[in-house]
Amino acid sequence: MNEKTKWIHCPVCGSKTRDRIREDTVLKNYPLYCPKCKQETLIDVKNMQITLITEPDAQTQSR
């Protein structure tokens with residue numbers, strides 16, 4: 001079983017995280033945690049392509 005794998009790098013600081021993906025890995029709304037910068041970001045993965053999900057900031061409710 002010689003499939004291509006690669007480490008997921010943190011989109012904030014660029015260091016390696018503890019997670020790896022394979023060619024057939026599919027992730028949707030995955031909370032990626034970086035142990036170095038201690039940030040958590042949401043990502044999607046499909047066909048070895050990592051997409052960062054940006055959430056809109058919470059809006060305060062006006063009365």
Side-chain angles (χ1 to χ4, degrees):
M1 199 159 115
N2 191 7
E3 294 187 35
K4 185 178 177 187
T5 62
K6 72 174 189 176
W7 290 99
I8 300 177
H9 290 267
C10 175
V12 178
C13 69
S15 67
K16 275 199 296 190
T17 61
R18 296 181 178 130
D19 300 318
R20 286 195 301 181
I21 56 173
R22 299 186 333 177
E23 291 175 331
D24 60 346
T25 301
V26 176
L27 297 173
K28 186 170 176 109
N29 292 331
Y30 181 73
L32 179 68
Y33 176 75
C34 177
K36 184 176 179 184
C37 68
K38 297 181 179 32
Q39 295 286 323
E40 187 175 280
T41 53
L42 286 177
I43 62 168
D44 285 345
V45 175
K46 188 172 183 181
N47 296 330
M48 300 285 281
Q49 296 296 317
I50 300 170
T51 307
L52 183 64
I53 300 172
T54 55
E55 292 181 336
D57 292 335
Q59 301 290 325
T60 57
Q61 186 176 9
S62 61
R63 294 182 184 189

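The heavy-atom pair separating T25 from R22 by the smallest distance is OG1-N, 2.8 Å. In plain terms, the two heavy atoms of W7 and R20 that are nearest each other are CE3-CG, 3.2 Å.
Between T5 atom OG1 and E23 atom CD the span is 9.0 Å, to the nearest 0.5 Å.
The hydrophobic cluster of V12 has no other members, since no ILVMFWY side-chain heavy atom comes under 4.5 Å of it.
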Donor-acceptor contacts, no H, no angles, side chain residues 27-54, under 3.5 Å, sequence neighbours left out:
{"from": "Y30", "atom 1": "OH", "to": "D19", "atom 2": "OD2", "distance (Å)": "3.2"}
{"from": "K38", "atom 1": "NZ", "to": "P35", "atom 2": "O", "distance (Å)": "3.4"}
{"from": "D44", "atom 1": "OD1", "to": "N29", "atom 2": "N", "distance (Å)": "2.7"}

